[in-house]
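Quick notes on the structure that follows.
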Amino acid sequence: MKGVVIKKKAYDNHSPWIHQLEKVRKPRDILKKDIKTDMAIVGAGIAGICTAYFILRDTKNKVVVVEANKVAHGATGHNAGQIVSYFEKPFSKIVEEYGLELAARGQEEILSGWELLEQVYSESEIKTYFSQFIGYAGCSTLKQLNSHLENKYLRNKANISIEKVFVSEKAPFLKEIPKKYDGLYELVPHKKVLEILETKSSLYHAALASKKGCLNSALFCEELISYLLYKYKDRISLYEFTPIDKVELYGDHVKLSTRKGKIINGKKVVLCTNGFQKLKINNKSGKNIDTSFHDFILGVVGYMAAYISPQTGTKSNAISYFPKSNNDASDAYFYLTKREFSDKMESGNLISVGGPEVTLDNTIEYIRDKPYFEKHEKKIDKFLKKNYIHAPKKINYKYHWHGLMGYTKSELRAIGPHPYNKNLLYNLGCNGVGILPSIYGGYKIARFITGIKMPKSIFDVGV
Ligand SMILES: Cc1cc2nc3c(=O)[nH]c(=O)nc-3n(C[C@H](O)[C@H](O)[C@H](O)COP(=O)(O)OP(=O)(O)OC[C@H]3O[C@@H](n4cnc5c(N)ncnc54)[C@H](O)[C@@H]3O)c2cc1C
């Protein structure tokens with residue numbers, strides 16, 4: 001209608017994780033002069049902070065961490081905060097592309113992230129709440145279930161321990177489950193599947209168990225960087241609000257230029273930037289990297305919303321739901337976590353849900369402060385009311401947020417030196433699931449830096 005302005009309801013991008021951040025550090029440093037270091041780390045999300053942690057712990061190198069914004073305000077402060085060790089890309093596809101041995105090694109590498117996280121906790125005495133439990137994923141179609149059973153079948157073949165799968169005795173596709181998966185699942189009453197998945201939707205016919213955890217990864221990073229700045233005060237500097245515009249790579253050193261024209265000279269640079277926005281790479285000692293780097297990552301924006309239920313004392317939980325519209329395990333799905341949550345105003349269980357996604361084409365820049373439109377909340381609300389047994393009739397969402405996920409071409413995290421210039425290393429590419437891979441990535445980067453020869457891996461940086 002002419003002259004009528006339709007206003008879309010929108011919210012600020014505000015996550016519960018950033019809301020809970022307590023600023024324990026002194027005022028933030030911005031780089032104001034040229035400096036020298038051994039290792040320059042670009043990006044202070046969980047990948048950058050964990051990379052700094054392991055380099056400081058396992059080598060004698062000096063480290064400079066530079067962040068365009070503030071520590072942990074990227075994806076690390078805008079995720080679902082669910083710790084899982086699976087890949088978003090089906091394990092069977094990884095086996096198809098790399099073979100069973102390499103795929104299995106990759107899976108073991110990510111699984112080792114659990115132990116590394118425990119090490120970080122015990123060494124640095126971090127207090128940020130971190131829960132571990134068995135969580136679930138619900139399948140509604142035979143195709144989804146078969147895709148997951150194939151992943152389990154291959155993991156089992158590679159001697160990786162696998163967790164339980166419960167299939168409803170009343171599943172309409174029971175007779176069509178291939179014989180080769182016998183022994184990988186257990187038949188149970190349909191009621192049990194629905195109970196495990198905390199759902200009222202009888203469309204779910206199977207529940208897959210896996211080890212999961214809940215963590216506010218932003219609070220974790222803030223606490224860890226405070227510890228590093230104290231413990232290694234002579235070897236680490238952190239500069240926030242210091243975007244890097246250009247990285248020049250030479251045979252024996254690297255040179256980083258900030259947007260304000262300051263220079264960081266280092267031996268090596270580790271990009272922990274998640275995406276690649278506004279960063280130029282100039283390889284002065286080998287083939288061009290810039291173009292392939294910019295083609296390398298695709299941006300996907302994930303949308304989430306959360307409410308606080310007044311109930312307390314229940315255990316943390318994390319459940320993924322694959323609705324009927326989802327064709328295989330790699331398609332979009334909804335993911336829910338429940339955890340105890342408190343701030344100065346209220347406490348209870350925080351129920352947070354994600355699922356809606358938008359892919360950015362290479363010409364569109366992700367803007368963190370862009371509003372969150374109501375349509376994403378509506379999708380989440382519809383999902384919750386149809387599926388989640390504990391969802392109230394009217395849900396008052398307290399938090400709405402979005403975050404950027406960088407997808408590499410291989411859909412796997414890139415960890416290690418670039419083949420065209422070994423002074424450039426990556427620990428980037430969240431590919432949907434990035435907490436454990438970032439921690440493992442940091443550990444592995446420290447190994448590369450100490451000169452340890454690492455076996456071939458699915459996470460090697462390809463060209
Ligand atoms: C909605 C959503 C839900 C998710 N849920 C989960 C989940 O449940 N479980 C899970 O494991 N993973 C999840 N992830 C992924 C996970 O959050 C990320 O993989 C992880 O936080 C990535 O950490 P990072 O350090 O690589 O990236 P980020 O946290 O994004 O950090 C990168 C940092 O680099 C900085 N930077 C970029 N360019 C420059 C530059 N040129 N100069 C200086 N600094 C720069 C950015 O400002 C940013 O702070 C989710 C992600 C999203 C968006």
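Every heavy atom of this structure was used, including side-chain atoms; hydrogens, water molecules and symmetry mates were not.
Taking the six-membered ring where the residue is Trp, Trp401 and Tyr399 present perpendicular rings, their angle passing 60° and hence far from 30°. The aromatic rings of Tyr121 and Phe130 sit tilted, their planes meeting at an angle between 30° and 60°.
Ion pairing between Lys9 and Glu377 fails under the 4.0 Å rule for side-chain N and carboxylate O. A salt bridge is defined here as a Lys NZ or Arg NE, NH1 or NH2 lying under 4.0 Å from an Asp or Glu carboxylate O, and Glu97 with Lys93 fails to meet this definition. The pair Glu123-Lys231 fails the salt-bridge criterion, with no side-chain N (NZ, NE, NH1 or NH2) lying under 4.0 Å from an Asp/Glu carboxylate O. A salt bridge does not link Lys378 with Asp381: every distance from a Lys NZ or Arg NE/NH1/NH2 to an Asp or Glu carboxylate oxygen is 4.0 Å or more.
Residues that satisfy the side-chain contact (heavy atoms from CB on, under 4.5 Å) test with Leu187, not counting sequence neighbours, are Val167, Glu169, Leu174, Tyr185. Qualifying side-chain contact (heavy atoms from CB on, under 4.5 Å) partners for Thr450, counting only residues two or more places apart in sequence or in other chains: Thr59, Ile452.
The ring of Phe322 has its center closer than 6.0 angstrom to the ring center of Tyr333. The aromatic ring centres of His205 and His190 sit less than 6.0 Å apart.
Rounding to the nearest 0.5 Å gives a distance of 15.0 Å between CZ of Phe334 and OH of Tyr388. Atom CD of Glu67 sits about 9.5 Å away from atom CZ of Arg28, to the nearest 0.5 Å.
Within the cation-pi definition used here (under 6.0 Å to the ring centroid, within 45° of the axis), Arg339 does not qualify as a partner of Tyr129.
A heavy-atom distance below 4.5 Å is not found between the side chains of Lys398 and Leu350. Proximity of Arg57 to Tyr443: side-chain heavy atoms (C-beta onward) are separated by under 4.5 Å at one or more points. Here the side chains of Asn13 and Arg368 are in contact, with some heavy-atom distance below 4.5 Å. Side chains of Ile177 and Leu142 form a contact here, defined as non-hydrogen atoms less than 4.5 Å apart. Using a 4.5 Å heavy-atom cutoff, the side chains of Phe54 and Asn427 are not in contact.
Under a 3.5 Å cut-off, the side chain of Lys212 and the backbone N or O of Tyr136 do form a donor-acceptor pair. Using modelled atom types, one side-chain atom of Arg105 and one backbone atom of Lys456 make a donor-acceptor pair closer than 3.5 Å.
In summary, the side chains of Tyr181 and Asn146 do not present any donor paired with an acceptor at a separation below 3.5 Å, with no hydrogens or angles considered.
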